[in-house]
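To start, the structure under review is shown below, and the notes come after it.
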Amino acid sequence: MKEKPVTAFARRKVEAELYGQLYKTITKKIGKEKALEIIKENLYDGAFLAGHNFAKTAEGEPNLKHFSSMIEAWRMGNALEVKNISLENNLLKMDVLSCKYQQAYYDMGLPDELCTLLSCSRDEPFAKGYSTHLRMERETTLAEGGKCCPFRFYWD
């Protein structure tokens, strides 16, 4: 029997449950600030490695066109509403108008500070892990109260 691949959205919800439990335990032992610092470091390392591993799936060298194919994986299950996607020269643009990842974390009852961390802190290290040529900019996020998450990925 062939296993069905797990969507990024389903995987993130399982991870969020674990991070929520871990956050409570670490907070009791060493405080909220240190707990968030540890979780952020772990999220960064995991996202960097995921980006690195995704780069290995590119035909030839990693490139912006291949990187842009990840958008569909992030959107699976209608997890993200994305508009204004464009890939021109060395720039990939997309605006995320709604994010079910973030909403799922709130619905799970996770604290606000953890929801924001889980929602938004993986994107840049994923890009950095993919390639040293890839740079991400995002002026604001939905979690910060922005109207959208305006992602800009530059291939330098």
Side-chain angles (χ1 to χ4, degrees), residues 7-20 22-23 27 32-58 61-156:
T7 66
F9 183 54
R11 186 174 57 249
R12 292 292 176 254
K13 288 194 300 187
V14 170
E15 290 174 358
E17 265 188 73
L18 296 171
Y19 277 118
L22 186 61
Y23 179 66
T27 299
K32 184 178 180 179
E33 187 176 311
K34 198 70 171 165
L36 288 171
E37 184 181 312
I38 290 167
I39 289 172
K40 184 175 183 176
E41 182 179 336
N42 182 265
L43 287 168
Y44 183 98
D45 292 346
F48 187 93
L49 181 61
H52 180 75
N53 289 336
F54 180 59
K56 291 178 184 178
T57 67
E61 294 294 314
N63 58 77
L64 194 55
K65 183 175 182 183
H66 176 258
F67 180 81
S68 72
S69 70
M70 194 66 200
I71 295 170
E72 287 310 310
W74 293 331
R75 291 171 74 175
M76 265 188 202
N78 296 316
L80 296 177
E81 180 186 349
V82 182
K83 298 284 186 206
N84 305 321
I85 300 172
S86 69
L87 175 58
E88 297 177 20
N89 301 318
N90 295 332
L91 173 61
L92 169 63
K93 295 181 189 179
M94 70 176 186
D95 295 332
V96 175
L97 303 180
S98 70
C99 177
K100 286 187 181 177
Y101 292 91
Q102 180 190 15
Q103 189 57 51
Y105 305 148
Y106 285 114
D107 292 348
M108 293 169 72
L110 297 175
D112 289 354
E113 66 275 9
L114 189 58
C115 292
T116 301
L117 190 63
L118 292 172
S119 296
C120 306
S121 67
R122 289 182 169 108
D123 304 317
E124 188 172 15
F126 184 87
K128 286 182 178 182
Y130 183 81
S131 174
T132 56
H133 296 289
L134 190 59
R135 176 173 49 91
M136 186 194 98
E137 291 181 6
R138 181 182 55 207
E139 294 176 3
T140 189
T141 65
L142 293 165
E144 297 168 333
K147 292 180 182 178
C148 70
C149 297
F151 284 91
R152 304 298 180 258
F153 295 97
Y154 298 89
W155 194 266
D156 296 327

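For this chain, numbers begin at 1 and follow the sequence in order.
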Interatomic distance, Glu17 atom CD to Met108 atom CE [nearest 0.5 angstrom]: 4.5 Å

Distance flag, aromatic centroids of Phe126 and Trp74, threshold under 6.0 Å: yes

Approximate separation, where rounding is to 0.5 Å, of Glu124 CD and Glu137 CD: 9.5 Å

Heavy-atom side-chain proximity of Tyr154 to Leu64 below 4.5 angstrom: no

Other residues, nucleotides, ligands: >12 heavy atoms within 6.0 Å of Met76 CE: no

Non-hydrogen atoms of Glu61 and Asn63 that approach each other most closely: O-ND2, 3.1 Å

Check: His133 side chain, Asp156 main-chain N or O, donor-acceptor pair, under 3.5 Å: yes

Passing option when Asp123 is tested against Lys128, Arg138, Arg135 for salt bridge (Lys or Arg N to Asp or Glu O under 4.0 Å): Arg138

Side-chain ion pair, Arg122 and Glu15, N-O less than 4.0 Å: yes

Minimum side-chain heavy-atom gap Ile71-Leu92 below 4.5 Å: yes

Heavy-atom closest pair, residues Leu87 and Ser68: CD2-OG, 3.9 Å

Glu139 atom CD, neighbour heavy-atom count above 12 within 6.0 Å: no

Thr57 side-chain N/O to Asn53 backbone N/O, donor-acceptor pair under 3.5 Å: no

Intermediate values then yes/no, salt bridge (Lys or Arg N to Asp or Glu O under 4.0 Å), Lys40 and Asp45: CA-CA 9 Å; Lys40 184 175 183 176; Asp45 292 346; over 6 Å; no

Atom CG of Asn78 with >12 non-hydrogen neighbours under 6.0 angstrom: no

Reported CG-to-CD distance for the pair Leu142 and Glu144, which is rounded to 0.5 angstrom: 9.5 Å

Shortest non-hydrogen contact between Cys148 and Thr140, atoms and distance: O-CG2, 3.6 Å

Side chain to side chain, Ser69 and Phe54, heavy atoms closer than 4.5 Å: yes

Distance-minimising heavy-atom pair for Glu113 and Tyr23: OE2-OH, 2.6 Å

Within 6.0 angstrom of His66 NE2, more than 12 heavy atoms from elsewhere: yes

Shortest non-hydrogen separation from Tyr19 to Leu114 and the atoms involved: O-CD2, 4.0 Å

Nearest non-hydrogen partners of Val82 and Met94, listed with the distance: CG1-CB, 3.8 Å

Ionic contact status for Asp95 with Arg152, cut-off 4.0 Å: yes

Trp155 side chain near Leu134 side chain, heavy-atom distance below 4.5 Å: yes

Tyr105 side chain near Asp112 side chain, heavy-atom distance below 4.5 Å: no

From CG (Leu118) to OH (Tyr101), nearest 0.5 Å: 12.5 Å

Any Ile85 side-chain heavy atom under 4.5 Å of Arg75 side chain: yes

His52 NE2 to Ser131 OG distance, which is reported to the nearest 0.5 Å: 11.0 Å

Point-to-point distance, once rounded to the nearest 0.5 Å, from CD of Gln102 to SG of Cys120: 6.0 Å

